[in-house]
> 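Before I ask anything, let me first share the structure, which is written out below as structure tokens.
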Amino acid sequence: MHFDLTDLRLFLNTTESGSITAGAARSHLALASASARMRGLEASLGTALLTRGRRGVQPTAAGQALAYHARSLLQHVDRMQEDLGDYASGFKGRVRLLCNTAAVTEHLPEPLGAFLRAHPNIDVDLQEQPSHRILPELREGTADVGIVSDAVDLSGLYATPFRRDRLVLLASRGHTLARRTRVRYSETLDHDHVGLPASTALGAYLDDQAARIGRSLRARVRVQGFDAVARLVLQGAGLGIMPESAARRWSGRGGTRLLILDERWADRQLMLCARTLEALPNYTRALIQALQPQAGDST
């Protein structure tokens with residue numbers, strides 16, 4: 001079959017108007033050119049598409065089938081042209097991005113903010129979830145991009161490093177553990193904690209790690225945000241576990257000590273993931289590119 005979009009538009013204009021002359025005029029073609037195209041279309045398909053009479057033309061059964069498919073195809077072409085028109089003035093779209101707690105609060109705001117500022121027509125639906133809950137959504141296609149810990153199974157996904165995320169312990173200077181430089185997680189469970197809500201990714205992660213060794217985290221209070229945790233730690237309410245970047249903001253002010261959490265699972269690499277890179281729209285690939293570490297970033 002050899003025909004082009006002009007042929008299809010001409011055919012639709014002809015069947016809708018009931019006349020090759022009118023169809024040619026709607027398609028901005030000379031009548032001779034339109035007639036030649038119609039004959040070429042029928043020859044290419046090997047069947048008559050129109051019945052010609054004194055009162056004009058009517059589509060045959062084959063012509064009706066062609067009109068149906070041509071209309072659908074041309075609608076898709078029109079949508080494509082609209083989408084490409086958006087690209088001419090900048091990307092336009094919406095990305096569903098799922099991240100764990102550390103990514104949302106510590107590492108994501110600056111690069112995401114810069115991306116949103118540079119692309120005002122792109123919206124991001126950002127949600128916080130534990131890493132193990134993000135992966136099924138990526139694999140099922142209900143999320144576009146995820147940021148997860150490398151402790152989970154990333155097989156079958158596109159994955160590239162995002163940021164290093166080491167968890168540490170923050171203690172008040174008067175706490176019995178404050179004389180130490182490093183501590184095992186199990187040792188901290190003998191003491192009160194200031195924790196994040198169990199509904200947050202990191203809160204759930206720490207509860208799960210305690211359960212793995214047959215213990216539970218004794219949270220005197222659970223609060224939203226690492227700064228709130230650190231302020232309560234400073235007041236002696238308990239120990240706090242958080243990303244090193246957050247802890248250092250407070251350990252440098254005096255009144256608190258930062259301890260290395262001596263666990264393999266505490267030294268994490270956050271990964272930027274997607275189901276497959278090739279199938280993503282250009283604006284989603286642009287977001288992934290913008291979030292990847294730049295020179296000077298800690299990975």
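In this chain, residues are counted from 1 in sequence order.
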> Gln292 vs Phe162, test: side-chain contact (heavy atoms from CB on, under 4.5 Å). Steps then yes/no.
CA-CA 6 Å; Gln292 290 183 28; Phe162 175 62; over 6 Å; no

> Which value, rounded to the nearest 0.5 Å, describes the distance between Ile260 atom CD1 and Glu244 atom CD?
6.0 Å

> Can you name the nearest heavy-atom pair linking Pro293 to Pro161, along with the distance?
CD-O, 3.2 Å

> Between Ser131 and Val148 (side chain of the first, backbone of the second, donor and acceptor by atom type, cut-off under 3.5 Å), is there such a pair?
no

> Is it true that Arg96 and Gln127 share a donor-acceptor pair across their side chains at a distance under 3.5 Å?
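Short answer, yes.
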
> Testing the basics here: between Val104 and Cys99, what is the closest heavy-atom pair and its distance to 0.1 Å?
CG2-CB, 3.5 Å

> Would one find more than 12 heavy atoms of other residues, nucleotides or ligands at under 6.0 Å from atom CD of Glu16?
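Yes, enclosed.
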
> Please check this pair: side chain of Asp7 against backbone of Asp4, looking for a donor-acceptor N/O pair closer than 3.5 Å.
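Yes: the side chain of Asp7 pairs with the backbone of Asp4.
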
> Look at the side chain of Arg268 and the backbone N and O of Ser149, then say whether any donor-acceptor pair between them is shorter than 3.5 Å.
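Side chain of Arg268 to backbone of Ser149, a donor-acceptor pair under 3.5 Å: no, none is there.
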
> Side chains of Phe115 and Leu291, heavy atoms from C-beta outward: is any pair under 4.5 Å?
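Result no, sub-4.5 Å side-chain heavy-atom pair not found.
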
> Answer whether the closest heavy-atom distance between the side chains of Leu154 and Leu135 falls below 4.5 Å.
yes

> Decide side-chain contact (heavy atoms from CB on, under 4.5 Å) for Leu259 and Val168; before the verdict, give the C-alpha distance in whole Å, the side-chain angles of both, and the deciding distance to 0.1 Å.
CA-CA 6 Å; Leu259 288 76; Val168 298; over 6 Å; no

> Test Asp227 against Arg231 for salt bridge (charged side-chain N to carboxylate O under 4.0 Å, His left out), laying out the working first.
CA-CA 6 Å; Asp227 284 350; Arg231 291 168 69 181; over 6 Å; no

> So do the side chains of Arg37 and Thr6 get within less than 4.5 Å of each other, counting heavy atoms only?
yes

> For a salt bridge (charged side-chain N to carboxylate O under 4.0 Å, His left out) check, start with the C-alpha distance between Arg215 and Asp190, then their side-chain angles and the critical distance, and finish with the verdict.
CA-CA 10 Å; Arg215 304 285 300 276; Asp190 296 328; 2.7 Å; yes

> Are any non-hydrogen side-chain atoms of Arg164 and Leu270 less than 4.5 angstrom apart?
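SC-SC contact between Arg164 and Leu270 ruled out.
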
> Consider salt bridge (charged side-chain N to carboxylate O under 4.0 Å, His left out). Of Arg166, Arg249, Arg248, Arg163, which one does Glu106 pass it with?
Arg249

> Is the distance from the ring center of Tyr205 to that of Trp265 below 6.0 Å?
yes

> SG/Cys273 to CD1/Ile147 distance, rounded to the nearest 0.5 angstrom?
8.5 Å

> Tell me if a side-chain donor or acceptor on Thr188 pairs with a main-chain N or O of Tyr185 at a distance below 3.5 Å.
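Flag set: sc Thr188 to bb Tyr185 pair under 3.5 Å.
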
> Can you check whether Trp250's main-chain N or O pairs, donor with acceptor, with Thr256's side chain at less than 3.5 Å?
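Looks like yes, one N/O pair under 3.5 Å.
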
> Please lay out, stage by stage, how Met38 and Leu50 fare under the test side-chain contact (heavy atoms from CB on, under 4.5 Å).
CA-CA 9 Å; Met38 293 300 297; Leu50 298 171; 3.2 Å; yes

> For residues Thr200 and Glu128, determine if any side-chain heavy atom of one lies less than 4.5 Å from a side-chain heavy atom of the other.
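Sidechains of Glu128 and Thr200: in contact.
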
> Between Gln269 and Asp150 (side chain of the first, backbone of the second, donor and acceptor by atom type, cut-off under 3.5 Å), is there such a pair?
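No, because the side chain of Gln269 does not come within donor-acceptor range (under 3.5 Å) of the backbone of Asp150.
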
> Would a hydrophobic clustering, with Ile, Leu, Val, Met, Phe, Trp and Tyr connected at side-chain separations under 4.5 Å, put Val183 with Leu189?
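Yes, because Val183 and Leu189 connect within a single hydrophobic cluster, where side-chain heavy atoms sit under 4.5 Å apart.
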
> Leu108 and Val95: same hydrophobic cluster, using ILVMFWY side-chain contacts below 4.5 Å?
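Result: yes, single cluster for both.
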
> Hey, any chance Leu206 and Leu170 share a hydrophobic cluster, counting ILVMFWY side chains that come within less than 4.5 Å of each other, even indirectly?
yes

> Between the side chain of Thr101 and the main-chain N/O of Ala201, is any donor-acceptor distance below 3.5 Å?
yes

> For atom CZ of Arg222, decide whether the heavy atoms of other residues, nucleotides or ligands shown that lie under 6.0 angstrom number more than 12.
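Check passes, neighbour count above 12.
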
> Decide yes or no for Tyr158 and Leu280: does some side-chain heavy atom of the first lie under 4.5 Å from some side-chain heavy atom of the second?
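A side-chain contact is absent here, since even the closest heavy-atom pair is not under 4.5 Å.
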
> Among the clusters formed by ILVMFWY side chains lying less than 4.5 Å apart, do Leu138 and Leu287 turn up in the same one?
no

> Kindly say whether Gly40 contributes a backbone atom to a donor-acceptor pair with the side chain of Ser44 at under 3.5 angstrom?
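Checked: no pair found.
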
> Kindly compute the distance separating OG (Ser17) from CG (Leu12), expressed to the nearest 0.5 Å.
10.5 Å

> CG of Asn13 to NE2 of His28: how many Å apart, nearest 0.5 Å?
8.5 Å

> Is there a side-chain contact between Asp123 and Tyr283 in this structure, where contact means two heavy atoms from C-beta onward sitting under 4.5 Å apart?
no

> Run the salt-bridge test on Arg180 and Glu187 with the 4.0 Å N-O cut-off and return the result as yes or no.
yes

> Just how far is it from atom CG of Leu239 to atom CG of Leu169, taken to the nearest 0.5 Å?
5.0 Å

> With no hydrogens and no angle check, just 3.5 Å: does a side-chain donor-acceptor pair link Thr142 and Glu137?
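The answer is yes; a qualifying pair exists.
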
> Any sub-3.5 Å donor-acceptor pair from Ser27's side-chain atoms to Leu29's backbone N or O?
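Answer holds: no.
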
> Take Met242 and Leu167, measure what side-chain contact (heavy atoms from CB on, under 4.5 Å) needs, and give me the verdict at the end.
CA-CA 5 Å; Met242 62 187 68; Leu167 298 176; 5.9 Å; no

> Taking the side chain as C-beta and beyond, is there a heavy-atom pair between Leu41 and Leu66 under 4.5 Å?
yes

> To check you understand the geometry: which heavy-atom pair defines the closest contact between Ser19 and Val57, and what is its length?
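Heavy-atom minimum between the residues: N-CG2, 3.8 Å.
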
> Could you tell me if Thr284 and Asp144 have a donor-acceptor pair between their side chains, going purely by distance under 3.5 Å?
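The answer is no; no qualifying pair exists.
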
> If you measure from CG on Leu112 to CG on Leu97, what distance do you get to the nearest 0.5 Å?
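So the gap between those two atoms works out to 7.0 Å.
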
> Taking all non-hydrogen atoms of both residues, which atom of Asp165 and which atom of Pro243 are closest, and how far apart?
OD1-CB, 3.4 Å

> Any idea which heavy atoms bring Val194 and Val229 closest together, and the distance?
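Smallest interatomic distance, heavy atoms only, reads O-CG1, 3.7 Å.
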
> Which heavy atom in Arg257 sits nearest to a heavy atom in Ala178, and how many Å separate them?
NH1-O, 2.7 Å

> Is there a path of hydrophobic side-chain contacts, each under 4.5 Å between heavy atoms of I/L/V/M/F/W/Y residues, joining Leu258 to Leu177?
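No, separate clusters.
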
